[in-house]
Amino acid sequence: MRTEQPKMIYLKDYQAPEYLIDETHLTFELFDDHSLVHAQLVMRRNPERGAGLPPLVLDGQLLELLSVKLADVDLAPGDYQLTPDSLTIQPESATFTLDTSVKIHPETNTALEGLYKSSGMFCTQCEAEGFRKITYYLDRPDVMSTFTTTVIANKQAFPILLSNGNLIDLGPEGDDRHWATWEDPFKKPAYLFALVAGDLWCVEDTFVTMSQRKVTLRIFVEPENIDKCQHAMDSLKKSMRWDEEVYGREYDLDIFMIVAVNDFNMGAMENKGLNIFNSSAVLARAETATDAAHQRVEAIVAHEYFHNWSGNRVTCRDWFQLSLKEGFTVFRDSGFSADMNSATVKRIQDVAYLRTHQFAEDAGPMAHAVRPDSFIEISNFYTLTVYEKGSEVVGMIHTLLGAEGFRKGSDLYFERHDGQAVTCDDFVKAMEDANGVDLTQFKRWYSQAGTPRLAVTESYDASAKTYSLTFRQSAPTTPGQPGEAKKPFVIPVSLGLLDKQGNEIPLRLQGETAASGHSRVISVTEAEQTFTFVDVAEQPLPSLLRGFSAPVKLSFPYNRDQLMFLMQHDSDGFNRWDAGQQLSVQVLQELIAQHQKGEPLVLDQRLMTALGTVLADESLDQAMVAEMLSLPGEAYLIEISEVADVDAIHAAREFARKQLANGLSDALWKRYQTNRELSKTTAYVAESEHFARRALQNIALSYLMLTKRQDVLAAAIDQFDTADNMTERLTALAVLVNSPFEDEKAKALAVFAENFKDNALVMDQWFSVQAGSTLPGGLDRVKALMQHSAFTLKNPNKVRALIGAFAGQNLINFHAADGSGYRFLADLVIELNGFNPQIASRQLAPLTRWRKYDSARQALMKAELERIRASGELSPDVYEVVSKSLAD
Ligand code: TRP
Ligand code: ZN
C-alpha cells in the first residue's frame with residue numbers, strides 16, 4: 001500500500017528483459033517469527049537487448065535486505081539503490097552471479113501472496129507477482145530459470161518439506177531442525193515457484209504414462225482430511241489419461257504433488273510439479289461435499305494438471321497474455337468435464353454462467369478484451385473475460401477448424417514453443433500454420449472488448465423455395481473502445497432448419513452443388529450478411545447458434561409457440577434448453593411488466609404446458625430435465641434488462657415458481673418420490689447418472705416446498721435427517737431455510753451446525769445457504785452470522801460463503817432500497833483492503849454494476865464507491881476497480 005497513485009501498465013510498452021536468469025538457487029530458513037531467504041542467481045545480459053550493461057533492476061516488496069554480493073564481492077549500501085519495490089545494481093560483466101539474503105514475515109502475511117502461513121503450515125502463492133515478496137528477482141514470466149530449493153525448518157512442526165521438481169537430498173540440521181533440497185530441471189518463470197512446509201499426511205498412487213514411465217502421485221492434506229482425497233486422486237488419474245488421449249500430452253516429472261491449504265485467494269495454482277489448492281477444490285466425499293462440489297474438484301484438478309503443458313511448458317510472455325494459458329486451459333478442462341459427464345449439461349452450465357456473469361462484466365466499467373491492453377493491478381485481470389470468454393474464443397477456433405485441425409494446431413503450438421514464453425498471437429499462428437488458414441480477422445476477438453450483438457431476420461420465398469437469414473452484428477462501447485470503431489468479428493454460427501414435423505431440412509446454400517448435412521457452421525464475417533438456402537420446400541423454423549457456437553447475444557423474433565416447438569423437436573440438446581430459457585424470459589418479462597404497472601400477475605400457461613411436457617418425458621436425461629425446469633436466475637434477468645427493477649424481477653420469478661409448483665405438483669411429487677426412493681436404496685456414487693437423478697429430485701423438492709404441503713415438509717425433514725450424502729442434506733436444509741416453517745428451519749440449522757462444526761468447508765455451506773435466503777431480513781441475518789464463532793474475515797472461503805453469497809446471490813436483500821446492503825459491502829471492502837487486497841477487490845464487483853439500476857439505487861451505490869475511494873490508503877487492487885467504476 002502506498003500513497004502515490006498506482007501506475008497504469010501498457011502492453012504497447014512491452015520490452016524484453018535486460019537480463020536473464022539461468023539458474024536460481026534458493027535456501028529458506030523458516031522460523032516462528034521470521035524467515036530468511038538466501039538467493040543465488042546465475043545471470044547474464046539478454047543478448048536480444050544489445051551489448052551495453054544497463055542497471056539491473058530487481059523486483060522486491062516487503063523485503064528486509066540483509067546482504068548483497070555481486071560476483072562474490074559484498075556490496076556496501078552505497079553500491080546499490082533500494083526503493084519500496086526494487087533493488088538496483090550495476091553489473092560489471094555480461095555474466096555474473098548475484099547473492100542476496102532477505103528477512104521476511106510469512107507469519108503475519110494476511111494478503112496470502114508470497115510466502116505465508118495457513119493453519120500452521122508454510123505455503124506460497126506466487127502468481128502473478130508474488131515471488132517479489134519472497135526475494136529480489138526479475139519477477140516477470142519471460143524470465144525463465146531452473147530452480148534448486150533448500151528448505152530448513154523445525155522437524156517436529158514441519159516434517160514435510162516440499163518444493164518444485166524432484167527431491168534431491170534431505171537430512172538433519174542441529175537438534176530439532178531438518179532440511180530438504182528439491183531440484184526442478186524445467187526452466188520456469190518465478191510465478192510457478194512453490195514451497196510447502198507442514199505437518200501433513202498424504203495419499204499416494206502411481207500413474208504409468210503413455211511411454212510407460214511411472215509417476216508417483218501424492219495429495220497432501222491435514223491429517224483429519226486424509227479420508228477426503230480419493231475423489232481428487234481419481235480425477236487426477238483421469239486427467240492425466242485424458243490429456244494423453246485427446247491432446248497427446250504426457251507428464252514430464254517423476255512426481256506430481258497436490259497440497260490442500262485452508263486459506264487461499266483462488267481455487268488452485270499450477271506450480272510446476274507441486275500444485276497448491278484451496279482445500280475446497282481438493283476435499284470431497286459423499287457425507288461432506290455436494291455433487292456440485294465433486295464436479296468442481298474434478299474440474300479444478302484437471303485444470304491445474306492441464307496447465308503443465310498449457311501454461312508451464314509453454315508459458316506467457318507477459319501478463320497481458322494471461323488468456324493464452326487460462327482461456328486455453330479452461331477450454332481443455334471443459335472438454336474433459338464434458339467427456340467425464342453429460343456434455344450437453346456441461347455446456348448448458350457453462351453458458352448459463354457466461355451469460356450471467358461474464359456478459360455482466362463485459363457491460364460494466366471493468367470490461368476489457370480477452371487480451372487487455374492495459375492494467376494497474378494484474379490480480380484484477382483474473383476475470384471471467386480472460387478465463388471463460390477466453391475459453392469461448394479457443395472454442396470458436398475449434399469449431400472453425402474441426403477437432404482434427406485443432407489438434408494439428410495444438411500439436412504444432414506445443415512443439416514449436418516448448419520451453420518458451422509466448423503470446424496469444426503465437427497460439428493463433430500455430431493454428432493457422434497447421435491448417436493453412438488465415439485467422440487475421442478472427443483475432444479481433446482478442447482485442448475488442450464487449451459482447452457482440454447478432455440480430456437475425458428471415459425471409460422465405462415460397463415460389464423460389466429459398467430461405468434467407470440476414471445477420472447484423474454490432475459491438476457495444478466499452479471503456480476506451482467506442483462501439484462504432486469496432487470492426488466486424490468472425491462469428492461461427494452453427495445452425496439447422498426444422499420443417500413442420502420437426503425434421504431437419506438438408507442444408508444447401510445458394511451456389512453450392514449439393515446439400516451438406518443437416519447442421520452446419522456458417523461464418524458471419526461482415527456487419528451485415530445474408531445467407532440463402534435453396535431447395536427449402538416449406539417455411540422452416542431456424543435453430544440458431546447451436547451449442548452456443550459463439551459468445552454473442554443473438555436475437556431472432558421467435559414467438560412462444562415456436563420456442564415450444566424447438567423445445568420439443570430441436571435435435572440439438574443445448575438449443576432445446578435454450579428455447580426453454582427464451583420462452584421463460586418472455587413469460588417472466590411479461591410478469592415483470594405487469595408488476596410494474598400494478599396489474600395482477602398472470603402466468604402464460606404455455607410455460608406450464610412446456611415444462612409439464614418435459615417433466616412427463618421419462619426418456620429424457622434427468623439432468624436435462626432438471627436444467628430445463630430451472631428458470632433463468634435473477635442475476636441473468638438483471639443482466640438482460642435495460643434498467644433492472646430488482647423488486648419486480650424477484651416478484652415475477654417467485655410468482656412463476658409458485659404457479660409452476662402448484663400446477664405441476666403431481667408430476668413433481670411423482671418424480672421426487674421415485675428418485676428419493678432410489679437415493680435411499682443406492683449407495684452414493686459420484687457419477688453423472690447419479691448426479692442427474694439427485695439434481696431432478698432436488699429441484700422437484702425446491703418447487704414442491706413452495707406449495708407448503710405438509711407431506712412435502714415431512715419429506716424434506718426426512719431427507720434432511722436420513723440422507724447419507726451432502727447433496728440431499730444441503731438441499732433439504734436450503735428448502736427449509738427458505739420456507740416459512742420457522743421451528744423446523746431453526747432445528748435443522750442447529751442440528752447441522754452441531755454435526756459439522758469441526759468441518760470448515762461444510763460450515764461454509766451452512767453460511768452460504770443462509771446468506772442466500774431471499775426472505776426479508778437478509779442483511780440482519782448475515783450480520784448476525786458474522787459474529788458466529790466459525791466465521792472469520794481472514795479466511796477467503798468464509799468471506800465468499802457469507803459476503804459473496806449475500807451480495808452476489810441474494811439480490812432482493814442486497815439491493816434493499818435504503819442502501820443498507822451497499823453500505824454493508826462497502827464497510828467490508830474497506831476492512832478487507834487493509835489486509836487482503838485481492839479479496840477486497842473481488843468482493844467489490846457487485847457495486848461496480850451500478851449503471852444497471854434505477855437512479856435512486858445508482859446514487860446510493862456510487863456514494864458507497866466514493867466513500868471507499870476516500871477511505872484512506874487503498875491497495876492498487878481496490879484503487880483500480882473503484883476509480884474505473886467512478887470514471888465516466
Ligand atoms: N493460475 C491459477 C489458475 O489456475 C490462478 C490463481 C491461483 C491465481 N491463485 C491465484 C491468480 C492468486 C492470482 C492470484 O487459474
Ligand atoms: Zn488456470
Side-chain angles (χ1 to χ4, degrees), residues 61 109-116 118 123-134 139 141 164 188-196 235-236 239 243 258-282 296-316 319-337 370 372 375-391 394 796-797 799-800 836-843 875-877 880-881:
Q61 282 173 2
N109 177 350
T110 56
L112 315 184
E113 194 191 24
L115 179 63
Y116 65 96
S118 172
C123 60
T124 53
Q125 172 53 40
C126 295
E127 188 175 3
E129 298 182 336
F131 193 73
R132 62 189 62 187
K133 294 172 149 194
I134 292 176
D139 188 10
N164 315 88
K188 65 168 179 287
Y191 82 86
L192 291 171
F193 171 79
L195 173 158
V196 169
S235 302
L236 175 59
S239 306
D243 213 14
I258 289 176
V259 180
V261 309
N262 296 324
D263 304 284
F264 201 73
N265 283 346
M266 305 271 281
M269 180 63 214
E270 70 266 24
N271 317 302
K272 182 78 188 187
L274 178 56
N275 288 2
I276 297 184
F277 273 56
N278 187 321
S279 52
S280 75
V282 184
R296 178 169 177 267
V297 166
E298 180 179 80
I300 298 181
V301 167
H303 179 98
E304 306 310 332
Y305 174 72
F306 296 157
H307 268 315
N308 191 54
W309 276 96
S310 49
N312 301 4
R313 290 287 289 256
V314 183
T315 195
C316 302
W319 292 119
F320 297 100
Q321 318 297 328
L322 182 57
S323 197
L324 172 75
K325 74 178 178 79
E326 295 304 346
F328 187 21
T329 303
V330 172
F331 177 74
R332 278 151 54 68
D333 82 58
S334 299
F336 169 75
S337 294
V370 166
F375 60 72
I376 291 176
E377 170 53 61
I378 184 57
S379 299
N380 284 329
F381 286 79
Y382 287 74
T383 59
L384 296 153
T385 301
V386 165
Y387 278 66
E388 266 61 46
K389 186 177 182 175
S391 164
V394 174
N797 289 352
V799 174
R800 285 184 277 258
N836 189 331
Q838 289 183 6
I839 296 298
S841 167
R842 280 180 184 272
Q843 292 305 311
S875 57
D877 309 61
E880 176 169 36
V881 176

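Nothing here was measured: the structure is a model prediction, and the numbers come from that model. First listed ligand is number 1; within each ligand, the first listed atom is number 1.
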Could you see which bit of [X] sits under 4.0 Å from ligand 1, with heavy atoms only: side chain, backbone, both or neither?
X	value
E129	neither
S379	neither
E127	both
E113	neither

Residue [X] vicinity, atoms of ligand 1 by number, heavy atom under 4.0 Å:
X	result
K325	1 (N)
H303	3 (C), 4 (O), 15 (O)
E304	3 (C), 4 (O)
M269	1 (N), 2 (C), 7 (C)
H307	4 (O)

What are the two closest non-hydrogen atoms of [X] and [Y], and how far apart are they?
X	Y	result
T124	F193	OG1-O, 3.9 Å
A128	I378	CB-CG2, 3.6 Å
I258	V282	CG2-CG2, 4.2 Å

Could you state the interatomic distance from CG (D243) to OG (S310), rounded to the nearest 0.5 Å?
7.0 Å
Go through the side-chain N and O atoms of [X] and [Y] and say whether any donor and acceptor fall under 3.5 Å apart.
X	Y	value
N262	S118	no
Q838	Y382	no
N797	N278	yes

Mind running ring pair (Phe, Tyr, Trp, His ring centres under 6.0 Å) on F375 and F320 for me, showing each step along the way?
CA-CA 9 Å; F375 60 72; F320 297 100; 4.7 Å; yes
[X] versus ligand 1: do any nitrogen or oxygen atoms come within less than 3.5 Å of each other?
X	result
E270	yes
Q838	no
Y387	yes

Of all the N, O or S atoms in H307, which has the shortest distance to the Zn ion (ligand 2)?
NE2
Name of the H303 atom (N/O/S only) found closest to the Zn ion (ligand 2)
NE2
Donor-acceptor pair, distance only, cut-off 3.5 Å: does the side chain of Q125 make one with the backbone of E127?
yes
Can the positive tip of R332 be found less than 6.0 Å from the middle of the six-membered ring of F328, inside 45° of the ring normal?
yes
Measure from the Zn ion (ligand 2) to each N, O or S atom of E326 and report whether any distance is below 2.8 Å.
yes
Which residue holds the protein heavy atom closest to atom 7 (C) of ligand 1, what is that atom called, and what is the gap in Å?
A268 O, 3.0 Å
Please list the nearest protein heavy atom to atom 8 (C) of ligand 1 with its residue and the distance rounded to 0.1 Å.
M266 CG, 3.5 Å
So do T110 and N836 actually touch side chain to side chain, heavy atoms under 4.5 Å?
no
